[in-house]
Number of protein chains: 2
Amino acid sequence: MLAATRRDLLLERLRTDGRLVAKDLALELGLSEDSIRRDLRDLAAAGLCTRVYGGALPISPATGDYAARTTVATESKRRVAAHAASLITRGSTVILDGGTTTLELTRAIPTGLECDVITHSPTIAAALLDHAASVYLIGGTLFKHSAVATGAAAAEMAQRVSAELFFLGVVGIHAEAGLTTGDPEEAAMKRLLASRAADTYVLGSSEKLGAAARHAILPLDEVTAIIADPSDGADLGALEQHAQVIRVP
Amino acid sequence: MLAATRRDLLLERLRTDGRLVAKDLALELGLSEDSIRRDLRDLAAAGLCTRVYGGALPISPATGDYAARTTVATESKRRVAAHAASLITRGSTVILDGGTTTLELTRAIPTGLECDVITHSPTIAAALLDHAASVYLIGGTLFKHSAVATGAAAAEMAQRVSAELFFLGVVGIHAEAGLTTGDPEEAAMKRLLASRAADTYVLGSSEKLGAAARHAILPLDEVTAIIADPSDGADLGALEQHAQVIRVP
DNA sequence: CACGTTCTTGCACGTTCGTGCGGTATCTTT
DNA sequence: AAAGATACCGCACGAACGTGCAAGAACGTG
């Protein structure tokens with residue numbers, strides 16, 4: 001077998017099995033483990049797999065949505081979340097949207113900070129259990145994909161609250177498409193929550209900038225500001241023509 | 001199995017079970033507890049879990065006293081929870097109370113079981129995210145100590161639901177004092193939830209039997225049955241004069 | 001065809017990593 | 001306070017790793 005063919009076979013195996021074990025491959029292909037290791041080393045160097053002790057794994061660890069969840073918050077996400085958290089002052093009332101970025105924001109809130117938090121995300125509510133913040137949970141039908149309460153009951157409850165700040169998580173922030181997300185029901189809920197707060201801040205970690213999803217939440221000019229991380233050189237100029245952009249350092 | 005794969009598996013377990021027990025994992029994976037402990041230590045160092053005595057817990061659900069209690073799911077609690085979970089049938093609607101025992105019940109529900117769950121506990125709602133069950137979350141003011149929504153808004157929402165089963169968690173089950181808990185507001189909420197279900201089952205792990213707290217929830221004769229674990233030789237006879245008692249094997 | 005170059009492969013060596021075990025320290029529970 | 005469970009530390013052993021080296025194959029060139 002050609003060495004190049006073998007590399008392809010390894011990659012295909014990696015796709016189907018989700019992992020490569022040096023020992024097994026050596027036995028199966030009738031080669032020494034050294035050769036397999038060399039292959040794995042080269043593939044890893046080419047950025048096609050991740051080398052681990054005993055074999056190799058795909059670049060994105062594991063499979064499916066599990067990967068999305070365990071993915072450690074990107075540095076960008078953390079920076080944006082930290083800055084957003086710094087806007088919360090003692091005694092203020094804030095609404096926290098659902099999502100991984102707002103969860104990161106929740107973790108960035110000082111444990112001892114006394115404030116009022118309103119959220120429709122049970123995940124965020126649970127994360128605030130050991131905080132001094134008092135929590136008002138908006139109930140309703142749980143939308144599994146993004147782990148937030150939605151529906152008529154949630155809307156009714158949301159309509160009765162009001163806050164100073166709303167931290168909005170989105171899927172995409174685009175100069176023309178505005179703020180977007182993947183589900184219409186979710187979009188409506190976000191819109192409603194925004195209407196219940198005096199100021200709305202959008203959490204714009206780098207992967208959101210320039211992206212757009214199917215369902216519009218709000219146009220850019222209806223939010224107070226976008227907290228954005230310009231580190232990847234995204235074009236913030238286009239956004240700034242429609243909304244105020246806060247650059248995190 | 002690759003060591004790296006094992007770490008991923010642990011993280012996935014952590015997400016589905018909400019906890020990792022070193023002893024069990026060692027037995028299940030055929031490794032020494034030391035290796036598992038090393039894994040847990042590394043994962044904790046990477047900020048992916050929180051190390052606790054006996055295993056590890058997710059980062060988010062706090063490190064406060066509530067989290068501490070979730071670790072020590074006694075064998076008794078597990079048995080009672082498992083039996084309670086077996087009462088839930090496909091397509092049925094159940095109300096789950098908050099608390100550590102009902103959280104254990106939640107984990108005992110088969111992931112693929114299609115049913116409707118109503119709960120006022122964000123922790124339980126979060127634990128059901130990867131289940132087939134559809135979840136209706138009752139919102140309201142979050143009562144930190146037991147991590148459930150209470151207050152007027154919660155009561156109003158609870159009044160509108162109805163279910164076949166209600167699984168009630170309590171602090172004490174006493175022949176004379178009846179079912180009791182530590183907070184009056186919480187007691188009222190439990191009472192209300194019980195009125196919304198056709199049948200109410202009390203989760204009576206061994207440490208509850210014979211105990212009594214300050215605030216009464218219901219007299220014993222107003223519940224369908226107490227699911228009790230008689231393993232520690234508690235006096236079930238006295239209870240049986242007031243309520244039906246289901247002994248778990 | 002002859003020769004040198006390059007690439008691949010397997011082996012040997014020292015190094016690193018993962019694992020289990022014994023001992024000791026610490027925590028939990030009675 | 002004592003007993004049991006759990007955790008951490010250091011050690012030893014084996015597996016996996018990387019490197020250097022030599023043998024062989026494939027290739028290009030004269």
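Protein chains get the first letters and strands the later ones, always in sequence-line order, with residue 1 at the start of each.
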Atom pair distance, as rounded to whole Å: [atom1] in [X] and [atom2] in [N]:
X       : N      : atom1 : atom2 : value
A:Asp24 : D:dA15 : CG    : P     : 15 Å
B:Lys23 : D:dA5  : NZ    : P     : 7 Å
B:Arg6  : C:dG18 : CZ    : C1'   : 8 Å
B:Leu20 : D:dA7  : CG    : P     : 12 Å
A:Glu33 : C:dC13 : CD    : P     : 18 Å
B:Arg7  : C:dG18 : CZ    : C1'   : 9 Å
A:Asp42 : D:dC17 : CG    : C1'   : 15 Å
A:Asp34 : D:dG18 : CG    : C1'   : 9 Å

Tell me yes or no: between the side chains of B:Gln244 and B:Thr224, is some donor less than 3.5 Å from an acceptor? no
Phosphate OP1/OP2 of [N] contacted by [X] side-chain N/O (<4.0 Å):
X       : N      : result
B:Arg41 : C:dG18 : no
B:Arg51 : D:dT6  : no
B:Ser35 : C:dG18 : no

What nucleic acid atoms does A:Val52 come within less than 4.0 Å of, heavy atoms only: base, sugar-phosphate, or nothing? sugar-phosphate
From B:Leu137 atom CG to B:Leu128 atom CG, the distance as rounded to the nearest 0.5 Å: 10.5 Å
Under the 3.5 Å rule, do the base of D:dA7 and the side chain of B:Tyr53 count as making a donor-acceptor pair? no
Ignoring hydrogens and geometry beyond distance, is the side chain of A:Arg38 in donor-acceptor contact with the base of D:dG18 at under 3.5 Å? no
A:Leu96 and A:Leu105: CA distance, side-chain angles, deciding distance, side chain to side chain contact (heavy atoms under 4.5 Å, CB included) verdict: CA-CA 9 Å; A:Leu96 291 186; A:Leu105 194 170; 4.2 Å; yes
Determine whether a donor-acceptor pair (N or O, by modelled atom type, separation under 3.5 Å) exists between the side chain of A:Asp97 and the backbone of A:Phe167. no
Under a 3.5 Å cut-off for both distances, is D:dG30 Watson-Crick or wobble paired, and to whom? C:dC1
Of the candidates D:dC8, C:dG20, C:dC11, the side chain of B:Arg37 sits closest to D:dC8
Return the set of residues passing side chain to side chain contact (heavy atoms under 4.5 Å, CB included) with A:Ala108 (not counting sequence neighbours), or none when no residue passes. A:Ala85
